[in-house]
Every structure is written in structure tokens, then in C-alpha cells.
Amino acid sequence: MTDFAKTRAAFYLPEGVTYLDGNSLGPMPKAAKARVADMMADEWSEMLITGWNKAGWFDQPRKVGDRIARLIGAGDGQVVMGDTLSIKVFQAVSAAHALRPDRRVILSDSGNFPSDLYVAQGLADAVDAELRVVAPEDVADAIDKDVAVLMITEVDYRTGRRHDMKALTAKAHAAGALTVWDLAHSAGAVDVDLTGANADFAVGCTYKYLNGGPGAPAFIWTHPRHAEAAQPILQGWMGHTAPFAFDLDYRPAGGIDRMRVGTPPVIAMTALEAALDVWDGVDMTDLRARSVQLSEAFIAGVEANCPDVTLHSPRDPQHRGSQVGFRHPHAYAVMQALIAQGVIGDFRAPDVLRFGFAPLYNNLDDVDHAVRVLAGILHDGSWDHPDFHKKSAVT
Ligand SMILES: *Cc1c(COP(=O)(O)O)cnc(C)c1O
């Protein structure tokens with residue numbers, strides 16, 4: 001059994017804060033501070049350029065990738081780290097599209113995160129493809145013989161709706177299409193099984209449920225059956241078969257290494273390594289069970305105590321990730337009032353209060369406290385204060 005009291009104790013959680021926003025930015029693992037300080041003191045300062053070999057900086061994107069692989073049902077040597085998620089989306093979708101040269105359609109849904117859609121629009125314009133966006137519940141029926149790539153974010157960032165990865169992948173394959181799964185709100189939140197689902201490509205970030213810190217690098221996975229054929233449009237020297245030969249012509253590295261682009265963010269990846277230590281004793285089945293327990297308790301508590309909000313997430317936990325949305329006509333002000341009382345969730349336009357339940361550090365006390373504070377704010381109307389209506393740049 002996973003010891004969730006121990007995993008919670010591994011994080012720095014500020015006094016007086018109930019943190020339900022790990023789906024945007026996970027909290028700092030206590031060990032990260034010293035780990036990064038040691039890297040600066042022992043590696044960057046003392047080793048300088050030799051750190052690429054001596055401290056293993058060059059191989060770090062693959063080593064860290066192997067640790068992520070265990071959490072998403074992938075195998076060793078199949079995941080590599082680097083860049084940001086938006087860039088990894090571009091690489092995965094462009095590689096998948098190129099493997100289906102006789103087809104033009106990239107299919108996605110309107111619940112996807114806008115950055116994924118923007119990236120796909122840019123790609124579609126550049127390669128004369130078409131981005132087709134349908135409602136989340138219409139995805140399965142929209143898969144036809146024109147579709148080259150099905151590009152889906154498994155868990156909807158607003159509603160927490162979870163797509164059936166296995167069923168949609170099978171449907172896509174039956175129609176001759178390939179799949180790209182964005183795991184931004186899945187990795188570290190639910191029990192992902194890329195191999196079991198027979199997916200083709202997957203990407204994700206590490207600053208949400210994996211707790212790698214702001215600016216932590218993204219990851220990309222290619223199924224081994226495509227690894228020697230896939231070629232993203234964005235190709236850089238670190239993905240060359242011999243980066244230090246400085247050839248004028250690009251020749252892709254074998255396997256997942258070709259998905260590397262440029263110099264990896266070594267300092268950020270060092271913080272991520274400390275975050276991944278916390279995952280070492282975690283069983284993903286236990287993680288999923290705890291996530292369901294927390295989100296079910298929150299929905300029951302809110303529905304019993306807050307008549308002014310309506311559930312904006314699937315009621316069946318099988319169709320939900322690890323976050324829960326509730327709608328309120330003044331969701332922005334309500335969330336500001338919650339934050340002022342130390343309960344941090346977030347607002348998502350136009351009217352959603354979103355709460356993420358991170359099984360590694362959230363517990364039932366957090367759920368009860370958040371329900372009590374939300375009920376209080378809605379009951380006494382204290383959210384309706386001018387301060388809580390002011391918008392800031394990042395919401
Ligand atoms: C968080 C998120 C992103 C963010 O992409 P970055 O390039 O890391 O800023 C992209 N897609 C999805 C689905 C997300 O949830």
C-alpha cells in the first residue's frame with residue numbers, strides 16, 4: 001500500500017493554505033531546494049562544461065524519461081524530456097501526420113486546451129492539412145477515413161472529463177488513423193496505461209501533478225513500432241544521430257532521442273528529479289483509488305452544502321480525472337474570496353470554479369475544509385466585494 005501520509009510530508013505546504021491547484025502547478029518537494037543548490041555548488045560551479053559528461057547532464061533527459069515512463073504505462077528508453085508541452089505537441093502531431101501522408105485531417109475536440117489547438121492550427125496551415133474540432137462527446141463518431149491524427153487531451157482541463165483512451169485508440173486504428181494523447185492532466189493524476197491502450201504518441205508536462213516546478217520540462221513518448229520511422233518537423237542538433245559531428249545535414253538519432261531538440265534545461269530537470277523521488281513508492285492503482293475517494297467526497301460535500309453551484313464534471317468517477325469543476329455565475333469573484341481565505345483552486349472562464357485533488361498531498365481534511373469555506377462564502381455573500389472582482393493577468 002502506498003503511504004500517502006509520507007508522500008504528503010515530502011512537500012512544502014505553506015501554513016494556512018489548502019492547496020487544490022496542483023493541476024496547474026504542483027507544490028515544491030522539500031528535497032528540491034537542496035538538490036538544486038547541490039547541483040549548482042558541485043556541478044555547475046566546479047565542473048563547468050565537463051558537467052555534460054561528468055555529471056551526466058547530456059543523458060539526463062533520457063534517464064528522467066525512464067522514471068516518467070513507469071507512471072504512464074510506457075517502457076524504458078521510450079520517453080525523453082525537453083522543451084515545453086506546446087512544442088512536444090507540435091512534434092508529436094507533425095510526426096504522426098507525416099506517417100499518414102495520404103490523409104489531411106487532424107481531429108480534436110473543443111474541450112482541448114487552447115494551446116494544443118493553436119499548435120495544430122499552425123501545423124495544419126503549414127502542411128496543408130485541416131484541423132477539425134468537434135464536441136468531446138462526438139469524437140468517436142467523427143473518426144473517419146480522412147483522419148490522419150486523432151489529437152486528444154485525455155483529461156479535460158476544465159471539466160475533468162476523461163476520454164476512454166483505449167476505446168478511442170482502437171477506433172482510430174480501425175479507421176487507419178494514429179493517436180496523439182496529451183497527458184497534461186493525467187500524468188501523476190490517474191492510472192495511465194499507454195502500452196495497454198496501444199496508443200501511438202503521447203506528450204505531457206511535469207509542473208502539474210508531477211510537481212517538477214514552474215518551467216519544468218515536458219515529455220514525449222513514441223510507441224516503439226513508430227520510433228524508427230517517426231520524424232517531427234521540428235528537428236534540432238540534440239536529436240541528430242551524432243550531435244558533436246556537426247554535420248551540415250540532419251540525420252535522425254535512433255528511437256526517441258530524435259525527439260530531442262536543443263540544450264536541455266538541466267537546473268529545472270534537477271528539481272524534477274527531486275520531485276520524482278516522491279513517486280518511487282507510489283502504486284498507481286492506489287493513486288487512482290485515492291483520487292476517486294477525494295473527488296467523490298468533495299462533490300458530495302459541496303452538493304450537500306452549496307446550493308448555488310452546479311457540478312460541471314462527469315458524475316461517474318470512471319469518466320473523470322482528478323479534478324472537479326463547479327459552475328457559479330460569479331465564479332471569478334468566488335474563487336478570489338476562497339483564495340483570500342487560503343483555499344487555492346482556480347477560475348476557468350467563463351464561470352468555472354476548478355479544484356484539483358492531488359492524491360500525493362491532498363487528504364480528506366483538505367476536502368472538508370474547502371467545502372466548509374466555500375459554503376461559508378456562498379452563504380454570507382462575502383465574495384461580492386469589489387476587491388474580488390478585480391482581474392489579474394494570470395487567473
Ligand atoms: C497545461 C497545458 C499545456 C501548457 O503547455 P506549455 O507549453 O507547457 O505551456 C498544454 N496543453 C495542455 C492540455 C495543458 O493542460
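Positions are given from 1 along the sequence. One-based numbering, in listed order, for ligands and for the atoms of each. Only a predicted model underlies this, so the values are computations on that prediction, with no experimental measurement involved.
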The answer, listing residues by chain and number that come under 4.0 Å of ligand 1 through any heavy atom, is Thr84, Leu85, Ser86, Phe113, Asp116, Thr153, Asp182, Ala184, His185, Tyr207, Lys208
Worksheet item: Going by the angle between their ring planes, with limits at 30° and 60°, are Phe201 and His226 parallel, tilted or perpendicular?
Response: parallel
### Task
Would you indicate whether the side-chain heavy atoms of Glu273 and Val64 approach each other to under 4.5 Å?
yes
*Report, as yes or no, whether the 6.0 Å neighbourhood of atom CH2 on Trp52 holds more than 12 heavy atoms from other residues, nucleotides or ligands.*
yes
Answer yes or no: does atom CG of Leu48 have more than 12 heavy-atom neighbours from other residues, nucleotides or ligands under 6.0 Å? yes
- request: Please work out whether the ring planes of Phe298 and Phe355 are parallel, tilted or perpendicular, with thresholds of 30° and 60°.
  value: tilted
Short side-chain to backbone donor-acceptor contact, Asp66 and Lys63, under 3.5 Å: no
